[in-house]
Protein chains: 2
Amino acid sequence: MSCQNFSMNNNSPTARNAAYYTEAAPILVAVDCIILGYDDDRLKLLSFKRKVEPFQNEWSVIGSFVNPSESVDDAAVRVLEEYTGLQNIFMEPLGCYGAVDRDPGARVISQAFFALIRLDEKEVQTVETHQAHWFDLSAVPKLILDHNQMVSDTLEKLYRKARYRPIGFELLPEKFSIPQLQNLYETIYGRTLDRRNFRKKILSMDILDKLDEKNKSSSRKGAFLYRFNQSRYQEMAEKGFDFEM
Amino acid sequence: MSCQNFSMNNNSPTARNAAYYTEAAPILVAVDCIILGYDDDRLKLLSFKRKVEPFQNEWSVIGSFVNPSESVDDAAVRVLEEYTGLQNIFMEPLGCYGAVDRDPGARVISQAFFALIRLDEKEVQTVETHQAHWFDLSAVPKLILDHNQMVSDTLEKLYRKARYRPIGFELLPEKFSIPQLQNLYETIYGRTLDRRNFRKKILSMDILDKLDEKNKSSSRKGAFLYRFNQSRYQEMAEKGFDFEM
DNA sequence: AAAAATAAGCGTTATTTTTACACTTGCACA
DNA sequence: TGTGCAAGTGTAAAAATAACGCTTATTTTT
């Protein structure tokens, strides 16, 4: 089982003739992208109705095979843009899913990524053209292949990551209130946090710029909106910090 | 550029005929394994002189193509055993290295793993039969392809991981003294730690069983040996903890 | 128009954790 | 027998975290 006409992007005789390469069995390589968003005080997963066989019309996360001309990371960026129209999105590698029979159609390994996006109005359009749906994370349906596993691995990773990176901001709109931010952390951590201590800690990090506007959607008094301070945020993200709460 | 005779492990007509699979370009998939050990108060990297072209006789970490009949994880375990004879070793996925031209010989993506091993006498034999060498991490030579990158990513990961998992034990012999353990952490963290506070913290975690023996190799007084308590250790490893120091 | 309800926001105290630091012990070797 | 060297112990100050009560702004109800 070999594949002689597989592309080589180097023509040195040594490399081309190396039995080392020609004896290896090629495998299909895919990327899959777990997209999380936060809306209506809930963490949500973006899923798509698959358009092709096999598993046509079943729910799945977005994915694609990796093209010979693109890196694995680039493939993930491409896929994300194809389905959501979004660029410059927070995305991180999640892991490699490489079980022999994970895909009954062929031997396919998948490098999974997870992306966090801000749910503004723009996205929604793109979503609708692709038969996509935002599922509340507590009500994710059966997805094809090992995609449910990818989703739970993403949550696990998000949970860990939130402790040492101010990751929450990737999910919130540009302007948000402290109670909104707290709610997000409570969702990720799966437990309630003390209002006063949360505020104190997040403000002491000095990554928030207070605005003069208020958001009145969730209370009578209204909560002041904040925006995060890009440069301070970068600093914190790089050096890491402790956000255990 | 396609590869029609690529193996399928499912014969359902739907799957076999799916253009979805047959149009995808297979890619070579490799695993690479970054093996770290700790000896003589130093973190070391296990490297091998590559036996095949291209890059014959250059230094590299161990690796192999993934066989159609094995999972990616299994391939990593196989490789580790082939080269070191060791089984049941701590090993974790490091990441996917998928740049288009990372390997001039062919389009190869590599899923890297890192393994931590305890350096007893046994290993050394296996190492010698494979033209291998333990390099002090401060003196790692130029390795082939992107293997140097993999090594530095491993160190980064080890550094982060050590903060919330008692990972150090994977590297020490069964019996070790507290100063030895401290030295390991100092090596990973790249800075010195306070003797008294280190001891206090590690003992308070209650994962160490004190033995009656002493290790006299590094001082006249001799340091008591400890062994880690498997069950307590597991608990800690699962729930995570904070070992910032 | 006053009262009730609701969530935002602020400040203090108690507790725990972390940091800093100095002296004593056991043993080998001179 | 005493000197050197790393192992080992205790304590106090500082910082971070956790717990908790009251006030404020606004809308809804009476």
Side-chain angles (χ1 to χ4, degrees), chain A residues 40-42 162-164 166 168 172-173 175-187 189-227 236 239-245, chain B residues 40-42 162-164 166 168 172-173 175-187 189-227 236 239-245:
Chain A
D40 197 22
D41 289 352
R42 294 283 188 164
R163 309 201 153 218
Y164 66 87
L172 290 172
K175 300 171 180 181
F176 53 87
S177 69
I178 290 186
Q180 264 183 293
L181 180 60
Q182 178 173 347
N183 184 293
L184 171 57
Y185 271 93
E186 289 180 338
T187 306
Y189 287 170
R191 66 192 166 89
T192 60
L193 302 171
D194 183 273
R195 217 157 10 97
R196 294 147 287 195
N197 294 337
F198 181 86
R199 176 182 297 269
K200 205 182 309 171
K201 186 151 185 178
I202 201 81
L203 286 177
S204 76
M205 290 168 69
D206 201 28
I207 51 178
L208 296 187
D209 292 341
K210 188 174 185 174
L211 305 177
D212 272 338
E213 303 168 63
K214 277 190 167 187
N215 169 0
K216 299 218 178 177
S217 66
S218 69
S219 84
R220 289 165 184 167
K221 182 176 178 178
F224 276 105
L225 290 172
Y226 290 77
R227 171 190 289 144
M236 284 309 243
K239 83 171 189 193
F241 69 112
D242 183 28
F243 204 86
E244 254 203 69
M245 280 292 161
Chain B
D40 197 23
D41 289 354
R42 294 282 187 165
R163 308 200 155 217
Y164 66 89
L172 290 172
K175 300 171 181 181
F176 55 85
S177 69
I178 290 185
Q180 265 182 293
L181 180 60
Q182 179 174 347
N183 184 293
L184 172 58
Y185 272 94
E186 289 181 337
T187 306
Y189 288 169
R191 64 190 168 90
T192 58
L193 302 172
D194 183 273
R195 233 176 31 255
R196 295 150 286 196
N197 294 338
F198 181 86
R199 178 182 296 269
K200 205 184 311 173
K201 186 151 186 180
I202 201 80
L203 287 178
S204 77
M205 291 168 68
D206 200 28
I207 51 178
L208 297 186
D209 291 340
K210 189 175 185 177
L211 306 177
D212 273 338
E213 304 168 63
K214 277 188 166 188
N215 169 359
K216 298 216 176 177
S217 68
S218 69
S219 83
R220 291 174 181 159
K221 183 179 179 179
F224 277 103
L225 291 172
Y226 290 77
R227 171 192 290 144
M236 285 308 241
K239 84 171 186 189
F241 69 113
D242 182 30
F243 205 88
E244 255 204 67
M245 282 291 162

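Just so it is clear: chains get the letters A, B, ... in the order the sequence lines come, proteins before strands, and each one is counted from 1.
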**Q** For C:dA7, does either OP1 or OP2 sit under 4.0 Å from a side-chain N or O belonging to A:Arg220?
**A** no
**Q** Output the single nucleotide from C:dC21, D:dA6, D:dA25 whose closest atom is nearest the side chain of B:Ser219.
**A** D:dA6
**Q** Under 3.5 Å, is there an N or O donor on one side and an acceptor on the other linking the side chain of A:Arg195 and the base of C:dG9?
**A** yes
**Q** Mind calculating the distance between NZ (B:Lys201) and P (D:dG8) to the nearest angstrom?
**A** 20 Å
**Q** Report the distance from atom CE of B:Met205 to atom P of C:dT16, rounded to the nearest whole Å.
**A** 19 Å
**Q** Any donor and acceptor pair, going by atom type alone, linking the side chain of A:Asp40 with main-chain N or O of A:Arg42 inside 3.5 Å?
**A** no
**Q** Just how far, in rounded Å, is C1' of C:dC21 from CZ of B:Arg199?
**A** 16 Å
**Q** Can you tell me how far OH of A:Tyr226 sits from CG of A:Leu203, rounded to the nearest 0.5 angstrom?
**A** 5.0 Å
**Q** Let's test this: given Watson-Crick or G-U wobble pairing with both distances under 3.5 Å, identify the partner of D:dT29.
**A** C:dA2
**Q** When you measure only distances, ignoring hydrogens and angles, does the side chain of A:Lys221 come within 3.5 Å of the base of C:dT6 through a donor and an acceptor?
**A** no
**Q** Rounded to whole angstrom units, what separation is found between the CG atom of B:Asp194 and the C1' atom of D:dG10?
**A** 12 Å
**Q** Both A:Lys216 and B:Ala223 contact DNA chain D. Which one's nearest nucleotide lies toward the 5' end?
**A** B:Ala223
**Q** Taking only side-chain N and O atoms of A:Lys200, does any of them lie within less than 4.0 angstrom of OP1 or OP2 on D:dT17?
**A** no
**Q** Does any N or O in the side chain of B:Lys214 come within less than 3.5 Å of the main-chain N or O of B:Ser177, such that one atom is a donor and the other an acceptor?
**A** no
**Q** Tell me if the side-chain of B:Arg196 makes a donor-acceptor pair with the base of D:dA7, cut-off 3.5 Å, by modelled atom types.
**A** no
